[in-house]
Protein chains: 2
Amino acid sequence: MPRANIFDVAKLAGVSIKTVSRVVNHEPNVRASTKERVDQAIAELSYRPDQSARNLASHRSHLIGLVYDDPAAYELPTSGYIIKMQQGALTACRSAFSELLIHPCNYRTKDVAAQLTSLIEETRPAGIILAAPLSNMPKIVRAIDATGTPFVRLSPGKPDEKRFSIGTNDRESSAEMTRYLASLGHKRIAFITGHASHKAVANRFLGYQDGLQQSGLKFSERLVVAGDNSIESGEACAEKLLTRKQPPTAIFAANDDMAAGVIRVAHRMGVDVPEQLSVAGFDDIALARMIHPALTTVRQPLTEMAQRAAEALIEGKCGDASERAPETVPATLQIRESTGPAAR
Amino acid sequence: MPRANIFDVAKLAGVSIKTVSRVVNHEPNVRASTKERVDQAIAELSYRPDQSARNLASHRSHLIGLVYDDPAAYELPTSGYIIKMQQGALTACRSAFSELLIHPCNYRTKDVAAQLTSLIEETRPAGIILAAPLSNMPKIVRAIDATGTPFVRLSPGKPDEKRFSIGTNDRESSAEMTRYLASLGHKRIAFITGHASHKAVANRFLGYQDGLQQSGLKFSERLVVAGDNSIESGEACAEKLLTRKQPPTAIFAANDDMAAGVIRVAHRMGVDVPEQLSVAGFDDIALARMIHPALTTVRQPLTEMAQRAAEALIEGKCGDASERAPETVPATLQIRESTGPAAR
DNA sequence: CTGAAATTTGACAGCGCTGTCAGAAGCAGG
DNA sequence: CCTGCTTCTGACAGCGCTGTCAAATTTCAG
């Protein structure tokens, strides 16, 4: 049995193909009763519009392009980031009968912008999702802009104001984590800052300060140590903190790697986590669940961000003119085993 | 200036559109001189066929589906694997004006097969690349088979005989690595085996034995210790081996993680690598280049395998009937800093 | 040279859908 | 029951390409 086409549906519903088309595309001006008949016929025949035909007739594809910097090109193990974005975008695409076109590219290449331009010209996607760090490069943004293709920027930190973008609330969620630690009775909550150049990570430090204040705790420079995002720096910071006369009862690290370092040092020093020390991280990398005790952390909503981005593109509301307000997808606390009530 | 279509090309080249179509699709029976004229016109107008129109007219899409088990679904940090496959497949697709459709799925889900079937019915891809471990599941293979879609199985170990698949030569390359170590003067070359369930890893152990024999060295049970693919097991095995009265001068681990563990232990024990101990791994994960000293290892040609798979699919030679012989893409030795001449 | 076979080329009808635009139906108000 | 309006529906022409099949051209044996 060959797959049903728009004529079959029209015949069964007793309408013209154009009306079926209207229903399928959610166009206005279709009587409710008519729409119902058509919907029923669609269901009965399990009709699915042929994408190629739609694309051909409408001069635009139902493709969403996901453009990201490709870490494999220079061997960074950040691929989890990419997989998550892909997942999110795919989810949105599937439920909208759209397809996802992935386009890894190396931002160090001279002609990334030109490559992007030709990709767009060739595939004429309905929209582009531009991941960080590409999303922060004026050259790239300009190139996409020039093609007139709608696009959404995925920025790990706060979205900026110029064009539509989706970000997350690092600062607020750090504050939340801090409040959570305070609510467990911790008075001395230390913070390990991350690499200075990382904007999102700086926001987390601000959030930590907010959280202290909101919990009625005093911020103290003495409880802040500087890491550089690596596990090793986390270890070094933990050693500094835990060998003090009056060590903190909780350590909040600006990322999971450093938090993992803290836990490792605690093990070595015979400090029980979470009985004697609570440890929290940020990012919710795969490692967070795999270490012991499993790490309490803040989950970056990368998947959701990408999904929202794709949805926005599919809705077609990211057009050139539309000055749409940036969106923020909230990060969420993942309470696991590494945090607990403050020791008395 | 709107983009050129097949009529523009035909006019410029002084032929019919059908002839242009023939040239574009590499169909036979076009005179060389004609083809040349058409190619020139294509170049001049920078013509690119409209995929939607081709798909619509030809009833098949120019999509290649890449189907793989999605580690993010249950948080394994194996994503580098996926990224590499994607890269390879993308390379092939780009040069053939095809698009890559990615389809991560969770093999633990009950209805993976059904999902796959509906994906195929909906998008009608020109071919499917099926990655391990999905490629070894009869249920999945049957489901794809039933749709009549050409597919290639990507298997990390030896390709099997039943249907077209692409694999790599774990055994031969392990032998090669072993011979390389022997050629550096090592007489006591230890091997750390991997997790028993991993077929490819078992092949590596066989390769090690082959290599010893080919180098005129005697295989000894005493030089073999069992790991489980993890860094930690690598560390444990290294401790066992290095605390012996007569420790090996080279350790070949069945994967990079375990090799990294060996190097870590060597550091701790004050054993210089490669001066006092050569260490080799297998896989060439991102980590291999990042540790110090950089790890000598065997590179799995994942990217190439995926590329070959996509090419085969695009060539259209993986059809149902065509009993095509499995292909093997050779793995290659990556000599880095962790191996050197045997200590005297 | 000639005729038949082999090779190369072209005309044209769709593929399944959307956009345009005209026509039908519904709905007030008189 | 008609007018003038709005709301809804349908006929039909493409979109750019490929498949079919017949026509044109070339090739080659005799």
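Reminder, nothing fancy here: chain letters follow the sequence lines and each chain counts from 1.
Remark on the helix from dC1(C)-dG30(D) to dG30(C)-dC1(D): inter-end axis angle 30°, axes from five-pair C1' superpositions, rounded to 10°.
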For this session: Would you check, one step at a time, whether the test side-chain contact (heavy atoms from CB on, under 4.5 Å) holds for M137(A) with Y107(A)?
Result: CA-CA 9 Å; M137(A) 306 189 176; Y107(A) 79 83; 3.3 Å; yes
For this session: Could you walk me through whether L116(A) and I144(A) pass side-chain contact (heavy atoms from CB on, under 4.5 Å), step by step?
Result: CA-CA 7 Å; L116(A) 250 177; I144(A) 302 185; 4.2 Å; yes
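Here E311(B) pairs with A92(B), Q307(B), R308(B), E315(B) under the side chain to side chain contact (heavy atoms under 4.5 Å, CB included) rule; sequence neighbours left out. Take E304(A) and apply the side chain to side chain contact (heavy atoms under 4.5 Å, CB included) test, not counting sequence neighbours, and it matches R299(A), P301(A), V329(A). Under the side chain to side chain contact (heavy atoms under 4.5 Å, CB included) criterion, E99(A) pairs with L63(A), L63(B), L101(B), T123(B), sequence neighbours left out. Residues forming a salt bridge (charged side-chain N to carboxylate O under 4.0 Å, His left out) with K35(A) (at least two apart in sequence, or on another chain): D39(A).
Between E27(A) atom CD and dG10(D) atom P the separation is 14 Å, expressed in whole Å. The interatomic distance linking H62(B) (NE2) with dG16(D) (P) rounds to 17 Å, in whole Å. Nucleotide dC15(D) holds its P atom 14 Å from the CD1 atom of I6(B), rounded to whole Å. Between the P atom of dC15(C) and the CG atom of D8(A) lies a distance of 12 Å, rounded to the nearest Å. Note: CG (L56(B)) to C1' (dG14(C)) measures 9 Å, nearest angstrom. In this structure, D50(A) places its CG atom 13 Å from C1' of dC17(D), rounding to the nearest Å. In this structure, CZ of R48(B) is placed 21 Å from P of dC15(D), rounded to the nearest angstrom. To the nearest angstrom, C1' of dC17(C) lies 8 Å from CZ of F7(A).
A distance-only check finds no donor-acceptor pair linking the side chain of T149(A) to the backbone of G127(A) [under 3.5 Å]. Within the 3.5 Å criterion, the main-chain N or O of S21(B) finds a donor-acceptor partner in the side chain of N25(B).
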All N/O contacts under 3.5 Å from nucleotides 9-12 of chain C to the protein, with atom names and distances to one decimal?
| residue | atom | partner | partner atom | Å |
| --- | --- | --- | --- | --- |
| dT9(C) | OP1 | T34(B) | OG1 | 2.4 |
| dT9(C) | OP2 | R31(B) | N | 3.0 |
| dT9(C) | O4 | R22(B) | NH2 | 3.4 |
| dG10(C) | OP2 | S16(B) | N | 2.8 |
| dG10(C) | OP2 | S16(B) | OG | 3.1 |
| dG10(C) | OP2 | T19(B) | OG1 | 2.6 |
| dG10(C) | N7 | R22(B) | NH1 | 3.4 |
| dG10(C) | O6 | R22(B) | NH2 | 2.6 |

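Crowding of E27(A) atom CD: a count of heavy atoms from other residues, nucleotides or ligands under 6.0 Å exceeding 12.
Heavy-atom distances to DNA chain C give each of A53(B) and A32(B) a nearest nucleotide, and the one nearer the 5′ end belongs to A32(B).
Note on N55(B): every side-chain N or O is 4.0 Å or more away from OP1 and OP2 of dC15(C).
Ranking dC17(C), dC15(D), dT18(D) by closeness to the S21(B) side chain, first place goes to dT18(D). Counting only heavy atoms from C-beta on, H59(A) has its side chain closest to dG16(D) among dT18(D), dG16(D), dC15(C).
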